[in-house]
Number of protein chains: 2
Amino acid sequence: MRRDIFQAIADPTRRAIITLIAIQAMTPNAIADNFNMTRQAVSKHLRILTECELIKQEHQGREIYYSLEIEKMKEIDKWLNQFREIWEINFNQLDIVLSTIKKNKK
Amino acid sequence: MRRDIFQAIADPTRRAIITLIAIQAMTPNAIADNFNMTRQAVSKHLRILTECELIKQEHQGREIYYSLEIEKMKEIDKWLNQFREIWEINFNQLDIVLSTIKKNKK
DNA sequence: TATATTTGCAACCAAAAGGTTTCATATTAT
DNA sequence: ATAATATGAAACCTTTTGGTTGCAAATATA
């Protein structure tokens, strides 16, 4: 069982669940209504998301409300940080190219 | 074959490859040297990354240099955008809490 | 108390993933 | 021309994934 955050968001159903409960906490039944699969299949996805702490539960009687653990989402952002520098470089290079074009126009 | 960007970065080896070639373009052999698996296994990962256009090839004689397609990486960032608003809200709420504590101290 | 509802868990199954070995092809070097 | 090198592709195998159905437990309702 690898069960890291990148593996968690690899599945399109799980990404949809994340987006769904980002707005507001929902019960498994309510979540499952949005998908074309059994409640149990959705439940398995919720289990995986819970295991890697991307979502959290709140028990209320016999119902369980699932909501997004937004802090964990930032880990993906953190991983992307190492590439932002490259984006910036590319942007700056584009900037140089653009100003060169400008100069030549004059 | 799903082969989308989220499925591509789900595998730790592929994430490592991405990080490796982000710095500079590399040949499959050079890339494979960094992993404890056969060259062919690495080659399969390169194929998957190529198929979803996360990396690009540059042929040079019998060698092929693989490099990162940085623009594609931004798609992950774009997906994260829908959650940034929530981060901000949380941050602002924390701000309110902090200023309330400050006020009560006085 | 008996029944309905909400949920999770286990057993099972087909398909996909990730590795291996073997082989074919193209380019370079002798 | 022959041999070596760099690479990709195919066949194969094991494990993981993502779904199913059936069942058990806890809570709410009649």
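Naming convention: chains lettered A, B, ... in sequence-line order (proteins, then strands); numbering from 1 in each chain. Note that these values count all heavy atoms, side chains included, but never hydrogens, waters or copies made by symmetry.
- Residue B:Arg15 contributes atom CZ, which lies 16 Å from atom P of C:dA17 at whole-angstrom precision.
- Look at B:Arg3 and you won't find any side-chain N or O under 4.0 angstrom from OP1 or OP2 of C:dA16.
- Under the side-chain contact (heavy atoms from CB on, under 4.5 Å) criterion, A:Ile48 pairs with A:Arg3, A:Arg14, sequence neighbours left out.
- Spacing between atom CE of B:Met37 and atom C1' of D:dC13 amounts to 17 Å, rounded to whole angstrom units.
- As a whole-Å value, the separation of A:Phe6 CZ from C:dA17 C1' is 19 Å.
- For B:His59 and C:dT27, the NE2 to P distance is 10 Å, given to the nearest whole Å.
- Going from atom NE2 of B:His45 over to atom P of D:dT7 covers 17 Å, rounded to whole Å.
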- Each nucleotide of nucleotides 2-14 of chain C classed B (base within 4.0 Å of a protein heavy atom), S (only sugar-phosphate) or -, in 5' to 3' order, makes --BBSBBB-----
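- For A:Asp77, the salt bridge (charged side-chain N to carboxylate O under 4.0 Å, His left out) partners at least two apart in sequence or on another chain are A:Arg84, B:Arg84.
- A distance of 9.5 Å separates CD in A:Glu51 from CG in A:Leu49, rounded to the nearest 0.5 Å.
- Remark: B:Arg15 engages A:Asp4 in a salt bridge (charged side-chain N to carboxylate O under 4.0 Å, His left out) (not counting sequence neighbours).
- Heavy-atom distances to DNA chain D give each of A:Ile48 and A:Gly61 a nearest nucleotide, and the one nearer the 5′ end belongs to A:Ile48.
- Residues passing the ring-ring contact (aromatic ring centres under 6.0 Å, His included) test with B:Phe6, sequence neighbours excluded: B:Trp79.
- Here D:dG18 presents its P atom at 13 Å from CD1 of A:Ile9, a figure rounded to the nearest Å.
- Among pairs with a residue in residues 54-64 of chain B, those fulfilling salt bridge (Lys or Arg N to Asp or Glu O under 4.0 Å) read B:Lys56-B:Glu69, at least two apart in sequence or across chains.
- If you take CZ of B:Phe35 and P of C:dT20, they are 13 Å apart, rounded to a whole angstrom.
- For A:Gln7 and D:dT17, the shortest distance from a side-chain N or O to OP1 or OP2 is below 4.0 Å.
- OP1 or OP2 of D:dG19 has not a single side-chain nitrogen or oxygen of A:Thr38 nearer than 4.0 Å.
- Note that CG of A:Asn34 and OG1 of A:Thr13 are 11.5 Å apart. Values are rounded to the nearest 0.5 Å.
- Rounded to whole Å, the distance from CG on B:Asp11 to P on C:dA16 is 18 Å.
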